[in-house]
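Lettering of chains follows the sequences in order, A, B, ..., and the numbering in each one begins at 1.
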Amino acid sequence: MRMSKLFFQTLREAPADAEVRSHQLMVRAGLVRQVAAGIFAYTPLGLRAKKKIEAIMREEMDAIGGQEIVMPVVQPAALWKRSGRWYEIGDDLARLTDRGGRELVLGMTHEEVITDLAAGVISSYRQLPLMLYQIQTKFRDEPRPRGGLIRVREFTMKDGYSFHADHASLDAYYPLIYQAYFNIFGRAGLEVIAVESDTGMMGGTMAHEFMALTAVGEDTLLLCDECGYKANRQVATFVKSEGAERKVEEALPLEEIATPGVDTIAALASFLDIPKSRTAKAIFLVATREEDGQDKEQFVFVIVRGDMDLNETKLTNALKARHLRPAQPAEIRAVGAQPGYGSPVGIQRERVLLVVDDLIARSPNLVAGANREGWHYKNVNCGRDYKPDLALDVVAAAEGYPCPICRAPLRSARGVEVGNIFKLGTKYSQVMEATFLDEDGKNAPMVMGCYGIGSGRLIASVIEKHNDENGIVWPITIAPYRVYLVSLATKRTPEVTEVAERIYAQLQEAGIEVLYDDRDERAGVKFNDADLLGIPIRLTVGTRGVKNGIAELKLRRSEESLALPLADIAHQVQATVDAETARILAALVTEPLT
RNA sequence: CGGGGAGUAGCGCAGCUUGGUAGCGCGCUUCGUUCGGGACGAAGAGGUCGGAGGUUCAAAUCCUCUCUCCCCGACCA
């Protein structure tokens, strides 16, 4: 491609509204342009990178038996009503009506359509297992897009769905997809870790998220450097030993104490000069739960130790709630509790679901609120002073907490979720009646798995990792072009143009993707753009070189340059392409499923 | 949805306090000189000042409403 004809624009300065590094670089290098909040257009260079990544996805999906299909973005609401998600999902699901008044949705994912599709085609166990995938647009009306392509509303996703005759077949397939995912990210030059994750509204029994570790990540991960335990904070567990150690302490009499103006845990601990771990934190929530096909709201009173935080995901899952929201002050008072001085002692017990963290049940003599402004109780004991409905692990793991496997301190890190895989089981096949006849001639629901990777987020994550002060440093496997050919010709040096044109033709003939900077610009402009665009191999043709019969080859990722004889230059460039590609593939690893 | 910030040329910004001909840098066009790490000179093009309403002789500037975008949080198959 000739730069003089390319639809692109490099910017010397980043747009003011781009804060995240990858966003700034993608806009400055002319890969994407923002159209609306969380909605982007890809321009030619960005699209080429996207297609490269998607080609890798196709190869890896095909290698494990995947068959590519395409499903619609606009889908009938009826399908979503059948799965129930029409009612479960809120405003993230974009809904519209066609001219005939029929309800439609913009697909935010494709479980409904694929399950319906599979149900229509599959009728026998002989057709299973099967894996179908597509690379298609999704639309999720996110409340807050952010970070350029890190979190958007419209995006392209590679989503795959596998169908099995039984759980054993899915269990056998899962490690294959797990490895395929490592292959995809590895080939894209992105190091990821797989962590256990919440199954969320997808449902299912097992799930992993593939996380690229970066500070701009939206998820918090807990990692153990000793034994390799890794989990999303939403599901991470840890060893709660401290409470057990104090179990020997005897329960002391309940005592009411004046604590004027002390309405936070931090203030309470400093007022009484005790560690936060000797206090109980009250959290008031309202859970939406389905009972007899009806949504019902339930006031939930949660108690965790003062030094710990509630993990809402754990609580939501434990309660099988659809949704949790903070309770309003009026709602809190209505059950007999006092905001800021909340206590399980003396509330209208029948109106609340009382949940305590299991550590609370084992921690004696805590300080808790007295449900009276300016007063607290000392020596509150679970079991003696109040009886919880549930005692289970509902607190969030944090940096330094003991690893659940080996007790070494956990480390926390931020990550971007670039892919995820779920064992769905029969969640969708059951409600949508996607059944087949098994070997015994009985109807059974298909067992499903689903597997997703966002293209744009993956590109952004790669750039987030691979850049320097001058611009992007593409891994050669997904770079928009592999070679950036710089001609330093001027009007007075037509011989340089001639050589550059010849090299351009030779490289193209050799099948090497080359971006030819034939613009009438000064050397500095071209070199700076080359750095910004980050094409892995730069070939420079100038007066000096031409005189000596050489062109200059420089890798974007290194400072050194190499003189290449003009004769046979395509072969030498190809060798460099191969070496750079091999360098990335050498980093691929076999990851056993943990 | 709560909190904070911003909308003036393709990009980055000034002008607004104190109302009076809409500006600067980069980029873009033409010509000339230059030419191996973001050249120089000259001449140009490009604007409903986010939108609507109001105050005023007069509004980018003051008032009201509204839309959009960004950041933090809530949220996030």
For [N], does the base pair up with any side-chain atom of [X] as donor and acceptor (N or O, under 3.5 Å, distance only)?
X      : N     : answer
A:R144 : B:C71 : no
A:Q9   : B:G27 : no
A:R519 : B:G38 : no

If the cut-off is 4.0 Å, is [X] near the phosphate of [N], judged by side-chain N/O to OP1 or OP2?
X      : N     : result
A:R12  : B:G27 : yes
A:R325 : B:C75 : no
A:R492 : B:U34 : yes
A:Q34  : B:C70 : yes

Please determine, for [N], whether a Watson-Crick or G-U wobble partner exists with both distances under 3.5 Å, and give it or none.
N     : result
B:C31 : B:G41
B:C24 : B:G12
B:U61 : none
B:A6  : B:U68
B:C1  : B:G73
B:U18 : none

Quick one: [X] [atom1] to [N] [atom2], roughly how many Å, whole number?
X      : N     : atom1 : atom2 : value
A:E19  : B:G5  : CD    : C1'   : 10 Å
A:Q234 : B:C75 : CD    : C1'   : 11 Å
A:L485 : B:G36 : CG    : P     : 17 Å
A:Q328 : B:A74 : CD    : P     : 17 Å
A:R151 : B:G73 : CZ    : P     : 12 Å
A:F8   : B:C28 : CZ    : C1'   : 14 Å

Sub-6.0 Å ring centroid separation between A:F155 and A:F40: no
So what does [X] touch, heavy atoms closer than 4.0 Å: a base, only the sugar-phosphate, or nothing?
X      : value
A:G147 : sugar-phosphate
A:R153 : nothing
A:A18  : nothing
A:G452 : nothing

Select one nucleotide: of [options], the one nearest the side-chain heavy atoms of [X].
X      : options             : result
A:E521 : B:G36, B:C76, B:C28 : B:C28
A:D17  : B:C69, B:G36, B:C76 : B:C69
A:A16  : B:U34, B:A74, B:G12 : B:G12
A:E552 : B:A74, B:G36, B:G37 : B:G36

Inspect the contact between A:D517 and A:R538 and indicate whether a charged nitrogen and a carboxylate oxygen are less than 4.0 angstrom apart. no
Salt bridge check: are A:K230 and A:E196 linked by an N-O gap of less than 4.0 Å? no
Between [N] and [M], how far is it from one [atom1] atom to the other, in whole Å?
N     : M     : atom1 : answer
B:C62 : B:C16 : P     : 10 Å
B:A22 : B:C26 : P     : 23 Å
B:C49 : B:U68 : C1'   : 15 Å
B:A9  : B:G46 : P     : 15 Å
B:C57 : B:G19 : C1'   : 12 Å

Describe, in one word, how the ring planes of A:H208 and A:Y174 are oriented to each other, choosing from parallel (under 30°), tilted (30 to 60°) and perpendicular (over 60°).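 Correct class here is tilted.
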Would you call the rings of A:Y451 and A:Y173 parallel, tilted or perpendicular if under 30° counts as parallel and over 60° as perpendicular? tilted
Measure the spacing between CG of A:L555 and CD1 of A:I535 and express it to the nearest 0.5 Å. 13.0 Å
Apply side-chain hydrogen bond (donor to acceptor under 3.5 Å, both in side chains) to the pair A:D518 and A:S4, showing each step before the final yes or no. CA-CA 6 Å; A:D518 61 338; A:S4 59; 2.7 Å; yes
